[in-house]
Every structure is written in structure tokens, then in C-alpha cells.
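Everything below concerns the one structure shown next.
Values reported hereafter were calculated over all heavy atoms of this structure, with side chains retained and with hydrogens, waters and symmetry mates removed. The sequence lines fix the lettering, A, B, ..., with proteins before strands; numbering per chain opens at 1.
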Amino acid sequence: APQPATYADSSAQDYLMQFGYLPESDRETGNLRTDDQLINAIKNLQSYSGIPVTGHIDEATKKLMKAKRCGLPDKLDPRFSRTRHRR
Amino acid sequence: FTVHGQKWPHRNLTWSLRTEQPRGLEPGGVRHQLSRALDLWAKNSKLTFQEVNSDRADILVYFQQGYHGDGYPFDGRGQILAHAFFPGTDRGGDAHFDEEEIWLLTDSSDEEGTSLYAVAAHEFGHSLGLAHSSVRGALMYPWYQGLSTNYELPEDDRHGIQQMYGAPEERLWGNIPGGGTQPERPPAAAPSTTTSSTTTITTTTYRPWRTRPTRPTRPTRPNHYPEERPRRPDRYPVKPDYRTERPDYRPQRPHKPHRHHTTPSTTAAIATTSVATSPTTMGYRPRHRSTPSPRDGIPDKCDTSYDAISIIRREVFIFKGRYLWRIGDQGLYEGYPAEIIRLFNLPEDIDHVDAVYERPDKKIVFFIGNKYFLFNGNILEPGYPRPLTDLGLPRSLEKVDGAMVWGHNGRTYFFSGTMYWRFDESENYVELDYPRDMTMFAGVGYNIDAVFQWKDGKTYFFKGKGFWEFDDLRMKVAHEKQKLSAPVWMGCPRKLETPDLETN
């Protein structure tokens with residue numbers, strides 16, 4: 001498979017999987033990813049964290065990925081989540 | 001905010017710091033910070049928190065490092081600070097802090113250290129049922145932000161906790177919309193580690209300078225609920241014991257002759273040619289032994305769990321206690337179950353196997369306790385058994401629950417308790433970044449009995465007398481409720497009077 005044009009090294013992809021932005025099943029099954037999948041995952045991370053949404057692993061995203069954080073995923077299995085309530 | 005899954009069924013929760021001496025920290029100070037963090041949630045809800053000295057508390061707090069047995073390893077000093085489990089059984093509610101971080105027992109943080117209070121307040125949000133929030137400034141925002149002095153719970157988190165457990169003022173007026181359904185836990189016998197005063201201690205009345213033995217505590221019942229199994233998350237529970245399922249089962253060695261269909265000459269041929277022979281002549285037939293077995297004490301094929309299942313030479317072998325069944329293209333073979341030791345040259349005193357799988361090189365691996373046996377055909381390879389540690393499995397592992405070559409990716413997996421490992425057959429060692437938590441195989445749960453990939457290419461997990469088909473692509477069970485094993489795998493009739501697991 002062609003390498004995704006979007007640069008995201010394995011540690012970045014691991015981060016996206018670890019915190020729920022890419023399917024965690026990929027860890028086991030090694031599914032091939034398209035550029036779109038990766039870009040969407042990065043955009044979701046940027047949107048969730050409140051940094052500019054570029055779809056690329058820019059400086060702000062790199063900084064975010066190095067920041068101290070909780071080990072739980074941000075995007076959880078929706079089967080176990082109840083309705084999201086926003087104010 | 002996002003509410004995740006279950007909430008606690010009662011509002012008076014107990015907690016306990018289970019790491020006696022967190023590295024470089026004064027335990028009293030740690031407990032004080034944890035107490036303050038819980039107080040933040042108590043002030044904004046109907047919840048109360050009582051510290052107890054018991055590993056049966058609702059929320060157990062640990063300081064741990066690296067791999068610590070739950071599939072979510074810490075990364076040393078730096079990025080991942082802590083994690084906690086949502087309300088539920090076993091580890092539900094527990095909070096784990098990375099012991100290698102520099103924890104500060106103050107509200108402020110600096111370049112070097114991190115405020116334990118700030119992180120604990122966030123993690124306890126998970127313990128109570130809140131997931132992460134994308135609202136910057138919210139306590140449940142995943143990235144560490146630190147907390148100011150006299151910190152008040154942000155609006156986003158307050159709405160979240162009050163949706164689940166009600167607002168504190170509602171406690172005074174008895175008007176309990178939404179959160180008013182959780183009862184107080186009734187007083188019961190105190191755990192032996194607590195005193196038996198009748199004073200309720202919540203975090204709001206906690207005095208860190210008072211020592212634990214003199215601090216009055218309201219008696220609490222052990223915090224496991226009748227329908228749940230006792231919490232001991234760090235142990236690997238043993239499989240259901242066939243000896244208790246069959247009270248008449250006698251594990252002693254046999255004395256009476258056992259009827260079978262094999263002759264010594266065919267057995268000898270099997271031993272030398274079985275690897276290469278076709279399935280129909282593969283020759284795994286009961287072999288003669290000097291002390292054959294009795295027919296009594298044989299597990300009932302229609303009413304039993306399984307210890308291990310594997311496809312060996314394209315036939316299904318089902319193991320239970322000292323016996324096995326063999327299923328070919330025409331169904332269950334006659335003359336079975338047979339004693340395992342009649343087919344495989346295992347020690348005579350074995351009373352079960354834990355897991356079995358056929359390696360890609362066609363050799364067969366048996367896991368029994370903390371050892372594994374390697375067979376070429378039915379001949380034990382020289383130098384075996386060997387310890388599980390040779391495969392890279394931890395010394396503390398008491399047994400392997402299941403082993404399989406996963407058809408989805410051709411990799412070998414080992415399962416034990418709450419964890420699983422991927423195994424590199426070329427290196428003969430488990431792969432880096434393992435173990436992981438069994439929740440990856442969604443819907444299967446922990447402590448499986450057996451797993452294998454059947455001829456249809458699908459994966460099946462077994463536990464108790466039932467099984468799940470697994471959807472490899474969606475990484476979850478194809479049906480959430482178990483199906484009964486006996487009608488499907490042993491061709492047993494469905495008994496109308498026996499409630500099917502599918503509907504139970």
C-alpha cells in the first residue's frame with residue numbers, strides 16, 4: 001500500500017489510536033489506512049482539544065501530543081456512552 | 001460533558017489508598033490530597049466519600065509504574081499521568097497514578113512536578129462515571145491544566161456530576177429529580193480493618209492529622225454486590241472447576257480397563273507419521289496404557305464447560321478435565337471422550353490442560369499451569385515442559401486461559417485473566433507492547449475458558465457452558481449474549497426445561 005502522504009509517524013498514529021481518534025482494532029489487525037482517515041483523525045484531535053484544525057501534525061499538534069494528560073481515551077466506544085449533553 | 005456507561009448504585013462511596021508508601025511521598029499528605037479531590041465532587045453532588053482501609057472499597061487508589069497488570073501501561077515520567085476506571089465491577093472506580101511522575105502535594109504545579117490534587121480530581125471524575133470533555137477549562141478536559149487555589153468545579157463538570165447523582169441542595173429539600181434514585185448503602189458489618197463506630201465520615205470532615213486507627217468510621221459492608229464476583233482484580237481467577245460441576249467426578253487415576261478402538265500397531269505408526277498424515281488417517285486415537293481409565297467420572301458432553309479447544313490436523317479437539325473429545329467432518333467421533341494421556345504423552349498425573357493450539361509449523365503446544373509442552377505429533381519434544389517465562393510471559397502468570405492463531409491476521413495470541421499477548425512465532429517470544437487488556441476483544445469479558453478459530457474462519461470464545469462468535473472486523477462479539485455450547489459443538493438436543501443462555 002502506498003504510504004499516506006500526510007506525515008504521521010508511528011508514534012503519532014499510536015497516539016491517535018490510544019486516545020480513540022483512530023480505530024484501536026488497527027493495533028491488532030494492521031488495517032491499511034487512507035490519507036483521509038488519518039487527516040480526519042488529526043482534525044478530530046485538533047477540534048477536540050481546541051487548537052486550530054489543520055489536518056496536519058503542525059507545531060501546535062506536536063506540542064499537544066507531548067503535553068501531560070490522562071491515559072483514558074477521549075473518544076470512547078459509543079455503545080457504552082450515554083447521551084451527550086451540552087450547555 | 002459525557003456520561004459514560006454506568007453510575008454507582010449508591011451515593012455513599014468508599015475509597016482506599018492501597019499503595020502503602022507512594023515513592024517519595026508522605027502517605028498522610030497523599031491521602032489528604034485525595035480526600036480534597038473527592039471533596040470537590042462531594043460538594044457539587046449528593047455523593048459522600050468515606051475513607052476505609054480495605055481493598056473492598058469502591059474506589060481503590062494505587063501508585064504504579066510501567067506495566068501494572070491492567071493493559072494500560074504507564075510511560076514513566078512525562079506524558080501519561082494517571083488513569084481511572086468507570087464505575088463497575090472488579091476494577092470499576094479504581095484510580096491508578098504513575099508512580100514515576102513527580103507528584104506535588106500542593107495545588108500549584110511547576111515545570112518539574114504535577115499537582116496530585118489536580119490530577120486526582122480529574123481521575124475521580126472517571127471513577128464516578130464521567131468521560132472526557134472537550135471544553136477547555138473543564139476538569140474533565142483530558143490535558144493537564146493545573147488547578148487554581150480555592151478551585152471550584154467548572155460548570156461543565158458540575159452539570160455532569162449532577163445529572164448522574166443529583167445536586168447537593170436537593171439533598172436538603174428531598175426533591176431529587178434525576179439523581180435521586182441511588183439509595184444510601186445500608187449499614188452492615190464493618191470490615192475487619194475498620195473500626196465499628198457509627199459516625200459517618202465523609203471527605204468534608206476528614207482530618208488528615210488524625211491517624212487511621214483512631215478515626216471513627218461508619219461501618220460499611222464489604223463493597224461487593226451480591227450479583228458480582230468478589231473483587232480481586234490483580235489475580236487470575238481459576239477456571240470453573242469441573243470437580244465442582246460434577247460432584248461424582250473423581251480425579252484419581254483409573255483402575256478399570258477402558259474400551260477403545262486402537263491397536264498398539266496403529267499407535268506406533270501415529271507417533272512417527274501423524275504430522276504428515278491426512279486428517280482422516282491422522283491417527284490420533286487412544287493409545288494403550290498399562291493402567292486404563294474408568295468410565296465413571298467422565299464429563300457430560302451435554303452439560304459442561306470446556307478447558308481448551310483447538311483445531312489439530314483439521315479436526316476439533318475439545319478438552320475437559322483429563323478427557324478430550326474429537327470432532328471430524330462427520331461429527332463427534334465414537335469412543336470419546338478419551339483420556340488426554342492416551343493420545344498425548346503427557347505426565348500421568350495431569351488432571352486438565354489450560355490451553356492448546358497448533359503452531360504454524362504443525363507442532364502442538366499444551367499449556368498446563370505455568371508450563372508448556374511442545375508435541376511433534378503425539379510425541380513430546382525433548383526438553384519439555386518448559387516455563388511460560390521462556391515465551392516472554394510474566395513469572396507471576398499462573399496459567400494461560402486460551403491460545404489461538406487468529407485467522408484474521410495469522411498471529412498467535414495468548415489469553416490469561418484480564419490480559420492478552422500477541423506472540424511472535426519466529427522469535428518464539430511475546431511481542432513488545434503487550435500485554436493488553438481483554439477489552440480489546442469487546443464483549444468477551446475476562447477469564448475466558450477457551451478460544452479457537454473454527455473451520456469457518458471465525459473466532460469463538462468460550463466461558464462456562466456458553467460461547468460467543470467473534471466478529472473479527474468489528475472487533476466485538478457477534479452476539480452479546482452467550483449461546484449454549486452443547487447443542488452447537490456437541491450436537492446435544494436443546495432441553496426445553498433448560499433456560500438457554502441466549503434468553504437468560
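Taken from CZ in B/R77 to NZ in A/K68, the straight-line distance is 7.5 Å, to the nearest 0.5 Å. Atom-to-atom distance recorded for B/W143:CH2 and A/M65:CE is 9.0 Å, nearest 0.5 angstrom. Between the OG atom of B/S134 and the CG atom of A/L45 there is a distance of 12.0 Å, given to the nearest 0.5 Å. Here the CZ atom belonging to A/R69 is positioned 6.0 Å from the CD1 atom belonging to B/I80, to the nearest 0.5 angstrom. In this structure, the separation between CZ on B/F86 and CG on A/L72 is 5.0 Å, given to the nearest 0.5 Å. Interatomic distance, CE of B/M140 versus CG of A/D74, reported as 10.5 Å (0.5 Å rounding).
Of the listed residues (A/S49, A/G71, A/A67), the one with the most heavy-atom contacts under 4.5 Å to chain B is A/S49.
Only the side chain of B/Y141 comes within less than 4.5 Å of a heavy atom in chain A; its backbone stays farther off. Interface remark: B/E123 contributes side-chain atoms only to the contact with chain A (heavy atom separation under 4.5 Å). With a 4.5 Å cut-off on non-hydrogen atoms, B/H126 touches chain A through its side chain but not through its backbone.
The shortest side-chain heavy-atom distance between A/I51 and B/R136 falls under the 4.5 Å cut-off.
Using a distance-only test at 3.5 Å, with no hydrogens or angles considered, no donor-acceptor pair links the side chain of B/H83 to the main chain of A/C70.
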Step by step, work out the side-chain contact (heavy atoms from CB on, under 4.5 Å) result for B/H132 and A/F19. CA-CA 11 Å; B/H132 281 153; A/F19 297 113; 6.0 Å; no
